[in-house]
Amino acid sequence: MEQIETLIKRIDNDLKDVLSEERYKHCIGVMNKAEELAEKYNVDINKARLVGLAHDIAKEMTHDDKLKYVKENEIQIDDIEKINVGLLHAKIGADICKKRYGFTKEMQDAITYHTTGNKNMDDLAKILIVADKTEDGRTWEDSQKVREIADRSLDEAVIYIIDVSIKNTIDKNKLIHTDSIDTRNKLLLNNM
Ligand SMILES: [Fe+2]
Ligand SMILES: [Fe+2]
């Protein structure tokens with residue numbers, strides 16, 4: 001990968017072109033929070049900053065553009081993603097970051113897993129999930145709770161986030177992605 005600060009500047013410029021002001025600020029917030037968590041949990045700080053900054057790069061693509069992108073770039077999508085197309089911003093974002101910025105496989109995976117979780121997540125991926133929900137701009141009522149939990153355990157913070165997300169998904173009568181359930185079970189088993 002090219003020099004870190006040059007790369008950050010390039011991603012930052014690209015984000016300004018494709019994201020609303022509010023979402024752009026969210027991405028800066030996630031970058032800063034991911035850096036903080038990476039320091040705490042001994043994860044590569046530059047990787048954490050980069051995935052934090054770029055994770056939502058595909059978030060504001062239209063529904064049709066997302067479907068067109070996965071088709072043209074031969075990205076496999078599952079039955080739940082076919083119905084809940086919004087989830088695809090994770091896989092598309094990872095693909096963009098690989099092709100445009102040379103992100104490593106580990107960094108691509110972190111971005112791919114940031115919406116649903118995945119049972120094979122490493123600490124970088126867990127940090128991205130937690131930073132996404134706890135960046136300074138988050139006024140989500142559970143954000144403070146997650147910040148407190150993340151102070152003592154990354155796994156517990158991820159479990160809490162998934163629990164809230166599954167409960168919300170049930171309340172909205174939407175499909176629960178099986179990766180979220182697999183991730184929750186794996187983390188619970190690991191921490192028993
Ligand atoms: Fe996202
Ligand atoms: Fe996000």
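Every number for a ligand or one of its atoms is a count from 1 in the order of the listing. On a predicted model such as this, the values are computed, not experimentally measured, just so you know.
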Q) What do you reckon, is NZ of K9 surrounded by more than 12 foreign heavy atoms closer than 6.0 Å? A) no
Q: Verify the distance criterion only: is there a donor paired with an acceptor across the side chains of K99 and N73 at less than 3.5 Å?
A: yes
(Q) Pairing donors with acceptors under 3.5 angstrom, does anything connect the side chains of D14 and Y101? (A) yes
Q.
Is the shortest side-chain heavy-atom distance between K33 and V130 below 4.5 Å?
A. no
Q: Measure distances from the Fe ion (ligand 1) and count the protein N, O or S atoms below 2.8 Å.
A: 3
Q: Please determine, by modelled atom types, if Y69 and D95 share a side-chain donor-acceptor pair under 3.5 angstrom.
A: yes
Q: State, without any angle test, whether H114 and D56 hold a side-chain donor-acceptor pair at a distance under 3.5 Å.
A: yes
